[in-house]
There are 2 protein chains.
Amino acid sequence: MSNRPPTLDEVAQRAGVSTGTASRVINNAQHVSAKARQAVERAVEELGYVPNVAGRSLASQRRGAVVLAISSDDPALFANLFFAEVITGVNAVIEETDLQLMLVLAASERGRDRLARLLQSRSADGVMLLALRENDPLSKLADESGVPVVHGGRSLDRTPRWYVDADNRGGARQAVEHLIGIGRQRIATITGQLDLHVGVNRYLGYREALALAGLDDSRVAHGDFGEASGVAGMTRLLDEHPDLDAVFVASDAMAAGALTVLRDRGKAVPEDIAVVGFNDVVTAQHTQPRLTTVHQPIEALGREMTRMLVRLVNGERPTPLILPTELVIRESA
Amino acid sequence: MSNRPPTLDEVAQRAGVSTGTASRVINNAQHVSAKARQAVERAVEELGYVPNVAGRSLASQRRGAVVLAISSDDPALFANLFFAEVITGVNAVIEETDLQLMLVLAASERGRDRLARLLQSRSADGVMLLALRENDPLSKLADESGVPVVHGGRSLDRTPRWYVDADNRGGARQAVEHLIGIGRQRIATITGQLDLHVGVNRYLGYREALALAGLDDSRVAHGDFGEASGVAGMTRLLDEHPDLDAVFVASDAMAAGALTVLRDRGKAVPEDIAVVGFNDVVTAQHTQPRLTTVHQPIEALGREMTRMLVRLVNGERPTPLILPTELVIRESA
DNA sequence: GTGAAAGCGCTAACAC
DNA sequence: GTGTTAGCGCTTTCAC
């Protein structure tokens, strides 16, 4: 059991200066003589002084911490790479600051309550909110809490003041333009939920690309991003539009489902029907054939959200950001 | 911009009681009349009072937060499911408490420094340390910091006072016993690094099972848990022990490598050679044939580490825990 | 450039 | 059962 850590007062005393001066040195403020500075630095060294965060917070009204909150209905959502990648990005930026990172996984009602309290109690200097649902009440709560809030992604109902999002629409357009580029003319799509911002925007990107090329955009099946709905969607498309020669699928999971249908129906990919997915999850490299897909900059999302929040905490006014996506061409298209 | 949040004093005044009484109610302590309690509760409600953590920390000498620290040389390590699963488990327990969770990813030297400072400054009431390297200096530092430390996994050099670990040895034994149970007699193994606790223990489990059955345990190749070393190990085993009829591989990644070798050599799995892996990562379900493997209770690890730490923070003295693993039987054995 | 002192909001010890 | 009060360790204002 180690002793009580030294206080600033003790450091000051040891250095033969006042507490005020010691404090100035610690926070490397102006108006300190080189002599005093050195004396304090020596004392800090000798005593092994580390500032007490609680005292500091109380006096300075700053917390020295930000929270990353992930709100979702689906606990399984955490258990995937997306999550790990975001955190890796967040951590990379946090490491360069003096801030601590608090993590709140708000999958349950209870978790959401805790997050709400956290926000109200101003235990953090800022919040990054990855609200994976539409109309998440947390979103409003966070904005009202008085601390800076950076959103990851957008929702249909309201555009947050500060957010970082991936260019879903542009990515989708790029994917479809690729299909057009390799000579496809009858291009279908399987969409995600159209009550989600991502769902709508990937669909809009699809239509945009076809409109620009003067092609028909009526070969549409609606899914929910899950593999099963990819199976269902592909089946329906094949039945209703037997002439299609390509399909843009709004998620890799659905694309994986679609591929199994195509195989069962004896369609060669990409010869008969070219397939492009979206997300670039690991499994995209393991499908048969390997999936051409739109890569999402997930780690960058975490990084940029954090950078934005740090700026806000420092009193700067950053602007929202939309991160480019990238088409990864493999065998399926 | 909302107003300054109300203080306890204001709540007390509104309720017509003293600050002391208000504090007692907030922390639901003894010795408060029902009347006073109600009055305070109403005032809290009306004013929307939420305790200020900094003030509380300073006065109570408790932080109300614990940290989960993941120390590793390999940044890529975070980017996997293991990580997400552990956190999910940790979060589940944290949610039931008033504690906040701080996350420190200490992949870089800098990250490790930050963690060290965090520990020294006692910004947290406890630490969970997932030190994924042997001889991690952090391990010592954490123990010396004076706050309770719960370790995830063990290392060869020292057994921590409090830890949660998976039963690597038992899992390995179980795997090999399964091979014996399906009639195999000439069972080989591909080990992981033998300078890692997990590596040694899975190897010991292998030897234990064979010793108990009176079988030969000399068919051994040493790998490093990576896929490439699985390829090399299997090749060597096949060359040196052409008679083997089963192999226990200490990781799924190595097992995947081994399977490709067996396929190339025209060996049928499991008919000619049965294969069992370890870890039960997602890809184990996607190998050809699907891999029989030992499932690691990763989420449970996170959960139990947290439970243990919470007990420690509350002044209880829990005991170390070794979590059982489970054999998942698929096609490969 | 430096020191003194007044809090920041809360808990806990003590007196009643 | 309740009120009073002295800090917890730090920042910050204000004199000097």
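All values derive from a computational prediction rather than experimental measurement. Chain A is the first sequence line, chain B the second, and so forth, proteins listed ahead of strands; every chain is numbered from 1.
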For T7(B), give me all partners under side-chain hydrogen bond (donor to acceptor under 3.5 Å, both in side chains), at least two apart in sequence or on another chain. none
Once you round it to whole Å, what is the distance between C1' of dA12(C) and CD of Q30(B)? 14 Å
Among all residues two or more places apart in sequence or in another chain, which pass the side chain to side chain contact (heavy atoms under 4.5 Å, CB included) test with V50(B)? R117(A), Q120(A), S121(A)
Set of side-chain hydrogen bond (donor to acceptor under 3.5 Å, both in side chains) partners for E109(B), sequence neighbours left out: R112(B)
Does anything in residues 33-45 of chain B come within less than 4.0 Å of DNA chain D? Heavy atoms only, and list the residues if so. S33(B), A36(B)
Report all side-chain donor-acceptor pairs from residues 34-44 of chain B shorter than 3.5 Å, counting only partners two or more places apart or in another chain.
unit_1	atom_1	unit_2	atom_2	d
R37(B)	NH2	A29(B)	O	3.4
R42(B)	NE	E46(B)	OE2	3.3
R42(B)	NH2	E46(B)	OE2	2.6

Side chains of E10(B) and R4(B) in contact at under 4.5 Å (non-hydrogen atoms): yes
Show me the donor-acceptor pairs, under 3.5 Å and distance only, between side chains in residues 300-314 of chain A and residues at least two apart or in other chains.
unit_1	atom_1	unit_2	atom_2	d
E304(A)	OE2	R307(A)	NE	3.4
T306(A)	OG1	G302(A)	O	2.6
N314(A)	ND2	V310(A)	O	3.3

More than 12 heavy atoms of other residues, nucleotides or ligands under 6.0 Å from CD of Q13(B): yes or no? no
Kindly check if the number of other-residue, nucleotide or ligand heavy atoms within 6.0 Å of CD (E316(A)) is above 12? yes
Side chain to side chain donor-acceptor pair (under 3.5 Å) pairs, two or more places apart, involving residues 152-162 of chain A: S139(A)-R158(A), D143(A)-R158(A), R154(A)-D165(A), S155(A)-D157(A)
Between the two ends of the helix from dG1(C)-dC16(D) to dC16(C)-dG1(D), what is the bend in degrees, rounded to 10 degrees, where each end axis spans five pairs? 30°
Enumerate donor-acceptor pairs with a distance under 3.5 Å from any side-chain N or O in residues 52-68 of chain B to protein atoms, sequence neighbours excluded.
unit_1	atom_1	unit_2	atom_2	d
N52(B)	OD1	A54(B)	N	2.7
N52(B)	OD1	G55(B)	N	3.0
S57(B)	OG	V53(B)	O	2.8
S57(B)	OG	R62(B)	O	3.3
S60(B)	OG	R56(B)	O	2.7
S60(B)	OG	R62(B)	N	3.2
R63(B)	NE	R122(B)	O	2.8
R63(B)	NH1	S57(B)	O	3.3

Is the closest side-chain donor-acceptor distance between E95(B) and S108(A) under 3.5 Å? yes
Tabulate protein N/O versus nucleotide N/O from nucleotides 8-10 of chain C, keeping only pairs under 3.5 Å, one per line.
unit_1	atom_1	unit_2	atom_2	d
dC8(C)	O2	A59(A)	N	3.3
dG9(C)	N2	G55(B)	O	3.1
dC10(C)	OP1	Y49(B)	OH	2.4
dC10(C)	OP1	N52(B)	N	3.0
dC10(C)	OP2	L8(B)	N	2.4

So the contacted stretch of DNA chain D, first to last nucleotide with an atom under 4.0 Å from a non-hydrogen atom of chain B, runs from dG1(D) to dG9(D)
Hits for side-chain hydrogen bond (donor to acceptor under 3.5 Å, both in side chains) against T97(B), two or more places apart or cross-chain, chain-then-number order -> none
